[in-house]
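Everything below concerns the one structure shown next.
Values in this document were obtained by computation on a predicted structure and should not be read as measured data.
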Amino acid sequence: LLDFLKKQSAGEKNVVPQSVHVQEEKLTVFAPATGRGVALADVPDPMFSGGVLGEGYGIWPDEGIIYAPVSGVISATTPTMHALGLTSKDGLEILIHVGVDTVEMRGDGFTSFVKQDEEVKAGQPLMSFDLKKIHAAKHPEVIIIAVTNTSELSGVPPLNQRKKLRQEIPSCACLNKPPVSSGASVI
């Protein structure tokens, strides 16, 4: 990661950081970034915190890299590169949204390493973003991760309530153990 940041700050373009190693398990979502995990209800965006787009969690990031939280296919991208969707091999539909109202930045400070319909592996770098630019634009920097097809699943219960639900859909371990690290199992 340090090598990536040095090259990026030196102005090198198309520099992609190395993947993080993850041990994949069925119906598991890994942390796409390193930072402090928070409940979705604590994310400063009513569409997400109200669960309108599905259940999930937030991460206040320590660095500006997003890694694939699952192996699957990039199912949606945005021209502004601030959000993307993935569909896991297990059928989980995951939305990753960097910052609140960052669409207003029109892509400034965001770099995508993937394209729509591309197959990705858990831990693979998907995008980078400039935390300083997001902060300077006065947007909350929180990364929002939502399982958008939660209604088709058994839900994403808090970690302390999931004893028997582990086989159906594991929940967000990051809520009880901040900070989280890229590649850590969180759902």
Side-chain angles (χ1 to χ4, degrees), residues 22 25-62 66-105 110 116 120 122 126-127 129 131 134-135 137-187:
V22 297
E25 296 177 36
K26 187 174 177 136
L27 289 175
T28 299
V29 177
F30 299 96
T34 298
R36 183 174 54 88
V38 296
L40 195 60
D42 296 329
V43 168
D45 183 312
M47 290 294 285
F48 287 104
S49 63
V52 174
L53 297 171
E55 297 181 44
Y57 59 98
I59 297 176
W60 290 93
D62 291 339
I66 297 290
Y67 298 92
V70 295
S71 290
V73 175
I74 301 297
S75 53
T77 58
T78 62
T80 56
M81 298 176 281
H82 73 287
L84 54 82
L86 290 107
T87 301
S88 77
K89 293 178 179 183
D90 300 322
L92 297 176
E93 296 172 4
I94 300 165
L95 172 63
I96 302 174
H97 193 283
V98 179
V100 175
D101 295 328
T102 49
V103 67
E104 296 171 1
M105 295 175 66
F110 295 88
Q116 188 156 339
V120 297
L126 302 179
M127 71 165 74
F129 56 95
L131 281 167
I134 295 171
H135 185 73
K138 301 191 183 329
H139 297 296
E141 302 94 348
V142 66
I143 299 166
I144 303 161
I145 299 87
V147 180
T148 59
N149 63 337
T150 303
S151 63
E152 299 169 20
L153 307 167
S154 297
V156 185
L159 180 63
N160 60 5
Q161 296 176 7
R162 74 174 183 176
K163 293 173 186 158
K164 292 184 180 178
L165 297 176
R166 180 91 169 103
Q167 279 77 16
E168 296 176 52
I169 178 168
S171 72
C172 183
C174 69
L175 303 183
N176 296 328
K177 298 179 181 177
V180 296
S181 297
S182 300
S185 175
V186 291
I187 292 183

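Taking all atoms of both residues into account, the shortest heavy-atom contact from Ala68 to Leu86 is CB-CD2, 4.5 Å. Across all their heavy atoms, Ile144 and Gly99 have their closest contact at CD1-O, 4.4 Å. The two residues Gly35 and Ile59 have their closest heavy-atom pair at CA-CG2, 3.8 Å. Shortest non-hydrogen contact noted between Ile96 and Leu126 is CD1-CD1, 4.3 Å. In terms of heavy atoms, Ser49 sits closest to Ala41 at CB-O, 3.6 Å. Ala31 and Tyr57 make their closest contact through CA-OH, 4.0 Å (heavy atoms, listed as atom of the first residue, atom of the second, distance).
Leu40 contributes atom CG, which lies 9.0 Å from atom CG of Asp45 (distance to the nearest 0.5 angstrom). Between the CD atom in Glu152 and the CG atom in Leu92 there is a gap of 10.0 Å [rounded to 0.5 Å]. With rounding to the nearest 0.5 Å, the separation of CG in Leu84 from CD1 in Ile94 is 10.5 Å.
With a 4.5 Å cut-off on side-chain heavy atoms, Pro69 and Ile145 do not count as touching. Ile143 has its side chain within reach of Ile66: a pair of non-hydrogen atoms, C-beta onward, lies under 4.5 Å apart.
Between the Thr148 side chain and the Leu53 main chain, no donor and acceptor come within less than 3.5 Å of each other. Judged purely by atom type and a 3.5 angstrom limit, Ser88 has no side-chain atom pairing as donor or acceptor with the backbone of Val70.
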What do the steps show when you test Phe129 against Thr102 for side-chain contact (heavy atoms from CB on, under 4.5 Å), and what is the final call? CA-CA 11 Å; Phe129 56 95; Thr102 49; over 6 Å; no
Practice problem: Apply the test side-chain contact (heavy atoms from CB on, under 4.5 Å) to residues Val120 and Ile74: give CA-CA distance (whole Å), side-chain angles for both, the deciding distance (0.1 Å), then the verdict. | Solution: CA-CA 7 Å; Val120 297; Ile74 301 297; 3.9 Å; yes
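Scored by the side chain to side chain contact (heavy atoms under 4.5 Å, CB included) test, Pro44 finds Trp60, Val100, Pro140, Val142 as partners (sequence neighbours excluded). Applying the side chain to side chain contact (heavy atoms under 4.5 Å, CB included) criterion to Ala137, with sequence neighbours excluded, gives Met105, His139. For His97, the side chain to side chain donor-acceptor pair (under 3.5 Å) partners at least two apart in sequence or on another chain are His82. In this view, Glu93 satisfies the side chain to side chain donor-acceptor pair (under 3.5 Å) rule with no residue, not counting sequence neighbours.
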